[in-house]
2 protein chains.
Amino acid sequence: MSGEQNKIPQATAKRLPLYYRFLNNLHHQGKQRVSSKELSEAVKVDSATIRRDFSYFGALGKKGYGYNVEYLLGFFRKTLDQDEVTKVALIGVGNLGTAFLHYNFMKNNNTKIELAFDADPKKVGTDIGGVPIYHIDQLEEKLGSASVAILTVPSSEAQGIAERLVESGIVGVLNFTPARITVPERIRVHHIDLAIELQALVYFIKHYPLEGEHEDHNGFKE
Amino acid sequence: MSGEQNKIPQATAKRLPLYYRFLNNLHHQGKQRVSSKELSEAVKVDSATIRRDFSYFGALGKKGYGYNVEYLLGFFRKTLDQDEVTKVALIGVGNLGTAFLHYNFMKNNNTKIELAFDADPKKVGTDIGGVPIYHIDQLEEKLGSASVAILTVPSSEAQGIAERLVESGIVGVLNFTPARITVPERIRVHHIDLAIELQALVYFIKHYPLEGEHEDHNGFKE
DNA sequence: GAGATATTGTGAATAGGGTCACGACTTTAC
DNA sequence: GTAAAGTCGTGACCCTATTCACAATATCTC
Ligand SMILES: NC(=O)c1ccc[n+]([C@@H]2O[C@H](COP(=O)([O-])OP(=O)(O)OC[C@H]3O[C@@H](n4cnc5c(N)ncnc54)[C@H](O)[C@@H]3O)[C@@H](O)[C@H]2O)c1
Ligand SMILES: NC(=O)c1ccc[n+]([C@@H]2O[C@H](COP(=O)([O-])OP(=O)(O)OC[C@H]3O[C@@H](n4cnc5c(N)ncnc54)[C@H](O)[C@@H]3O)[C@@H](O)[C@H]2O)c1
């Protein structure tokens, strides 16, 4: 069922939502055609990479012309959305979790946070941005057909909750806690570790200073 | 200054804060030695990769023994510049920005959000988690020696603010907006695009379902 | 319609990381 | 002291992704 358009590299798959978003922008601006070069400037991805990415889906463009925005958009809509909304559950309505709920995650895409869980009785029973908050004790009972979970609980709770989620049929986890959770191999876990992202950025700045390609050395002191 | 221990792969550099964090845990647990295999299980990184990562810094371990936790920790502290705090400014104290300020970013590391900016007069003048919030009009005036910025403004504002930040001497940006900003080459920008992370996770689940491989992949000889 | 120009799609080369597998060395057991 | 067990550091290999560079093909100009 899902295995037909098979060989798309993962790196490409991660860029698809980005392309999709920018194509939407272009479409709203009334643009009818776009070249890989233009798109490259907008999304900051090399134009050859864009052409290669698109080519995995066949010949979507026309030589000497570029790509038809509307056609491309329709194509991505089918490819990304699969006209099927994935239900997402959010666990841990604290600082981060609340922000995500308010963001009411996606306007034009295939995911929706349908429900949330917390251990705090003050939060249970309320809703944020239309998403109801249940008590974590009701996890198994309420989870329903949600297949993806966003994990924003304290890190000490992460492993235990992850196990319950897996038991309840979740197949993907977006883990914002610093804990590295252990789950069966069939479960996909993506870590987003904000503290590490910041530390890594600082490390790169200090250890791999980017040269401004112009020779103008303005005061890099030792 | 920074160019001596040069050839560390970026992938390695991104894992260093992770190692550091787990080594700290081990140290607090009173553990004195650790093998790459043990560490591997904790951080979910292949043990050969860990050894390779460490080896870029020289021979930090002892054959037949493993690594001395305290020594390794001291080494990473120096390498990651834990002693020297990088000042960070946060721009846009909305849902996400507020969460970050409350998190009071890092306990055991080298970065600190020192100040924040927003355009909303109701927020200006207050502080969150001890971080003062200034008006965005005072950006140039107050920014001081902050060298990194966290960007959590509406995406329409991102490019304009980024330009002002660059003008004011910022060298790194952690961009949480969906906008792809254009900056001089010497500026390092890391994008964290939460919507895309979620979409990509969903895409992977649908198109690359992980088989629950019962066969464990411990291809150890014998 | 012809020549100039634009742009794709892709083979080939390059870059970048991850993993295997084993020699070298250390520690542990007895 | 000797043998067994444990673990590192790394050469060799493999895989994935990126980039170059160009033939093929389309559009545009007049
Ligand atoms: N806020 C940030 O900026 C930030 C940055 C990086 C990482 N993180 C990580 O994200 C996670 C959440 O951070 P936060 O700032 O939102 O923390 P928080 O303390 O504000 O929120 C945690 C929420 O989880 C709830 N909770 C606690 N135990 C629970 C359980 N067993 N089941 C269900 N809910 C439970 C709490 O009631 C609370 O609402 C933490 O692991 C943190 O380390 C946060
Ligand atoms: N909240 C989320 O979960 C989430 C998820 C993914 C991406 N994002 C992105 O992160 C960014 C922030 O999201 P948010 O939910 O915190 O939005 P928000 O609207 O809650 O916050 C934006 C803040 O920026 C301030 N602001 C507006 N214009 C400004 C300016 N010119 N200078 C300084 N401050 C200004 C506003 O006053 C507000 O406080 C957005 O670009 C959003 O797309 C947010």
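In what follows, every chain begins at residue 1, and chains take the letters A, B, ... in the order their sequences are listed. This one's a predicted model, so the numbers in the text were calculated from it and none came from an experiment.
- As judged by a 4.0 angstrom heavy-atom cut-off over every strand, A:F54 is placed among residues making no nucleic acid contact.
- Near DNA chain C, meaning a heavy atom under 4.0 Å from it, residues 35-52 of chain A has A:S35, A:S36, A:R51, A:R52 in order of number.
- The side chain to side chain donor-acceptor pair (under 3.5 Å) search around A:T182 returns B:K44, not counting sequence neighbours.
- Residue-to-nucleotide proximity on DNA chain D shows that, of A:A11 and B:S55, the 5′-proximal contact is made by B:S55.
- Applying the salt bridge (charged side-chain N to carboxylate O under 4.0 Å, His left out) test to pairs two or more places apart or on separate chains, none has a residue in residues 143-163 of chain B.
- Partners of B:S156 according to the side chain to side chain donor-acceptor pair (under 3.5 Å) rule, which considers only residues two or more places apart in sequence or in another chain, do not exist here.
- To the nearest angstrom, C1' of C:dT19 lies 13 Å from CG of B:D53.
- Of the residues listed (B:F22, B:Y20, B:Y71, B:F54), the one engaging B:F76 in a ring-ring contact (aromatic ring centres under 6.0 Å, His included) is B:F54, and it is the only one.
- The side chain to side chain donor-acceptor pair (under 3.5 Å) contacts involving residues 145-154 of chain B comprise B:K87-B:S145, where partners must be two or more places apart or lie in separate chains.
- Judged as a ring pair (Phe, Tyr, Trp, His ring centres under 6.0 Å), the pairs with a partner in residues 177-200 of chain A (not counting sequence neighbours) are, in order, A:H190-B:F204.
- Remark: A:S36 pairs with A:R51 by the side chain to side chain donor-acceptor pair (under 3.5 Å) rule, at least two apart or across chains.
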Measure all distances between protein nitrogen or oxygen atoms and nitrogen or oxygen atoms of nucleotides 23-30 of chain C, and list the pairs falling under 3.5 Å.
from   : atom 1 : to    : atom 2 : distance (Å)
C:dT26 : O4'    : B:K63 : O      : 2.6

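- Take B:K31 and apply the salt bridge (charged side-chain N to carboxylate O under 4.0 Å, His left out) test, not counting sequence neighbours, and it matches B:E38.
- Considering only residues two or more places apart in sequence or on other chains, A:R15 meets the side chain to side chain donor-acceptor pair (under 3.5 Å) condition with A:Y19, A:D53.
- Rounded to whole Å, the distance from NZ on B:K14 to C1' on C:dG17 is 14 Å.
- Evaluation of the salt bridge (charged side-chain N to carboxylate O under 4.0 Å, His left out) test over residues 56-76 of chain A, restricted to residues two or more places apart or in two chains, returns none.
- Protein chain B touches strand DNA chain D; the 5'-most and 3'-most nucleotides with an atom under 4.0 angstrom of its non-hydrogen atoms are D:dG6 to D:dA12.
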